[in-house]
Amino acid sequence: MKGLRMIMWTILLVLAILHRASSHGIQPLSRIAIHKATLALDNLAYVKASPTVLGLNGQNTEWVTVEYSSPNPSMDDWIGVFSPANFSASTCPAENPRVYPPLLCSAPIKFRYANYTSPDYKVNGKGSLKLQLINQRSDFSFALFSNGFLNPKLVAVSNTVSFANPNAPVYPRLAQGKQWDEMTVTWTSGYGIDEAEPFVQWGPKGGHQQHSPAVTLTFERSSVCGAPARTVGWRDPGYIHTIFLKELWPNRVYTYKLGHRLSNSTYVWSKEYQFRASPFPGQNSLQRVVIFGDMGKDEADGSNEYNNFQRGSLNTTKQLIKDLKNIDIVFHIGDIFYANGYISQWDQFTAQIEPIASAVPYMLASGNHKRDWPGTGSFYENNDSGGECGVLAETMFFVPAENRAKYWYSTDYGMFRFCIADSEHDWREGTEQYKFIEHCLASVDRQKQPWLVFLAHRVLGYSSDLSYAVEGSFGEPMAKENLQKLWQKYKVDIAIYGHAHNYERTCPIYENQCTDNEKRYYKGTLKGTIHVVAGGAGASLSPFTTLKTKWSLFRDYDYGFVKLTAFDHSNLLFEYKKSSDGKVYDSFRISRDYRDILACTVDSCPPTTLAS
């Protein structure tokens, strides 16, 4: 019987590992062996795209009609969207100088089967697609391939399509600065600093507007760490500009426009955006925070770049946009999306979240699909980032870390203190990050900021996800043993994680024991930390174990996100909402006074003796 049990546990472990690989996804662009493509151009085949010029009225998103024909149609013919339009081998040197570059060096930015909306394509060889393009600093072409994905043959290439100004400033994303009264604006353009001066025109809504200069960053192919980011996934990232808007008045609405002053003294402008400045630390006002992980991205035109892997992503995005007037700040805690080394997808993602990130601070945490790569200092030696090794996340988005290569930081928002850990670097006791976590938790003034929240990508606390359960750890191995004393000592209210693609909430817990039997309304001293997994924002869902644990109060195998609402210094509302309809499916309240935070619980106060 003991041997049989061992066999069963081994089978469960293998299944969990396989599902973890499945739920974390294989980048569908990697299904295309573009490096094996061969020329099979046919004069009787054609691809035509219209309109040829996009964004004539300043739009950064447009729909294109692609019509195509083949004299030898088959079910595995497909249309690839390429940018730049010239995707020949001459534009892409091999990573190893002794290896000749492939015939086609760049992966398509997305693709679709030729019969996707044309069921008679196999019969008559004619079809058409409606595809959505975004402004990505270059022109586009559409190519018809036969022979499937593994040994594709290039049959025909379309005319080029381009935006009126492909270099235009696009996709602004806000983030809190290092001070509470500072907001950063980051955006992407095709203008280097030798071509144009980047700046932002900004000021109080209806008040005086000023111009402030921005700093500019970019990176080269040699900056990333491996394939596909250095090979078929490489695409010029353009230029990333960041400006620091300082000395903002709390809760005041500001407007801003992205600008570039060209060498001929003309100006290129974005449309006007606006945001509300953050409240000062301790400010007693309504404050609403949305938190989720693992959202990913998806295509409105149904393009097959993720092959149904992140099917909840657009629903989550749409719900946040719909309720944006009731959201003050967003935390996307890791696995932002799953480019996995296909750099064109970063533009796709920043375009998807632009309505959110341009209006409220959009704060990130590091995740395995953005950071992990062997030999680069990541705590987990795997290939999950597809060779990005953190370079894209650290450049494309601002976070108020002392060193963005070490993606841990703290940020204050009114009555909240958030301590954001980098789960992809060592967090064990005695490390640099452990010292940061303790300092972040210890330095907050709980009289002013009573709501203390710990965030990380991987589940450093508790999870009933099948992959963790079969390991017997119910969370990242070694994590609770190293960090739970800090959570308890500094009375962390809530710890929220992603990584496991589902939703789960625990009781207030310490050392695997519930410290309170209440489930919905916590009054007075909390006595433990409530752990939440909110990793179901979009990527394929992962199952729970069938084992029942006393500490797991609510589980949901569905897409969703969480929202925290602080009404004042004594009352907090937690809600879990589904992405499908935006309705609340789980919630609890905390009501307490400052004296309840001061009260001693198990291991939360220094030990005393009669002598002391």
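Small disclaimer: the values here were computed from a predicted structure and weren't measured.
When only modelled atom types and interatomic distance are considered, Gln352 and Ser313 share a side-chain donor-acceptor pair under 3.5 Å. Asn340 and Gln345 are not linked by any side-chain donor-acceptor pair at a separation below 3.5 angstrom, with hydrogens and angles left out of the test. Using modelled atom types, one finds a donor on one side chain and an acceptor on the other under 3.5 Å when comparing Glu504 with Ser552. Arg371 and Thr376 share a side-chain donor-acceptor pair at under 3.5 Å. If you check the side chains of Tyr497 and Glu476, you find no donor sitting under 3.5 Å from an acceptor. Side-chain atoms of Thr186 and Thr242 form a donor-acceptor pair, as typed in the model, at a separation below 3.5 Å. When only modelled atom types and interatomic distance are considered, Thr188 and Arg173 share a side-chain donor-acceptor pair under 3.5 Å. Side-chain contact annotation: Ser385 with His369, donor-acceptor N/O pair under 3.5 Å absent. For Ser378 and Glu424, the side-chain atoms include no donor-acceptor pair closer than 3.5 Å.
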Pair Lys563-Tyr576, side chain to side chain contact (heavy atoms under 4.5 Å, CB included): steps then yes or no: CA-CA 6 Å; Lys563 183 178 183 180; Tyr576 163 66; over 6 Å; no

Stepwise ring pair (Phe, Tyr, Trp, His ring centres under 6.0 Å) test for Phe418 and Tyr413: CA-CA 8 Å; Phe418 295 96; Tyr413 193 89; 7.8 Å; no

Side chain to side chain contact (heavy atoms under 4.5 Å, CB included) evaluation trace for Tyr256 with Val185: CA-CA 9 Å; Tyr256 69 97; Val185 185; 3.8 Å; yes

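Taking both residues in full, the closest heavy atoms of Trp346 and Ala339 are given as NE1-CB, 3.8 Å, listed atom of the first, atom of the second, then distance.
The backbone N or O of Met415 sits less than 3.5 Å from a side-chain atom of Gln287, completing a donor-acceptor pair. His457 places no side-chain N or O within 3.5 Å of a backbone atom of Ala365 that could act as its donor or acceptor partner. Proximity of a side-chain donor or acceptor of Glu388 to a complementary backbone N or O of Gly341 within less than 3.5 Å is detected. Without hydrogens or angle criteria, Lys480 side chain to Ser473 main chain gives a donor-acceptor distance under 3.5 Å.
Applying the 6.0 Å contact sphere to CD1 of Ile193 captures no more than 12 heavy atoms from other residues, nucleotides or ligands.
Here Arg404 does not pair with Glu402 in a salt bridge; the nearest charged N to carboxylate O distance is not below 4.0 Å.
No option in Phe474, Trp487, Trp551 other than Trp487 meets the ring-ring contact (aromatic ring centres under 6.0 Å, His included) test with His531. Among Asp335, Asp465, Asp372, the single residue meeting the salt bridge (charged side-chain N to carboxylate O under 4.0 Å, His left out) criterion with Arg458 is Asp372.
Between the CD atom in Glu438 and the CG atom in Leu483 there is a gap of 10.5 Å [rounded to 0.5 Å]. Rounded to the nearest 0.5 angstrom, Arg235 CZ and Gln136 CD are separated by 4.5 Å.
Residues that satisfy the salt bridge (charged side-chain N to carboxylate O under 4.0 Å, His left out) test with Asp493, not counting sequence neighbours, are Arg446, Arg592. In this structure Tyr380 satisfies the ring-ring contact (aromatic ring centres under 6.0 Å, His included) test with no other residue, sequence neighbours excluded.
Looking only at side-chain heavy atoms (C-beta outward), Asn382 and Trp373 stay at 4.5 Å or farther from each other.
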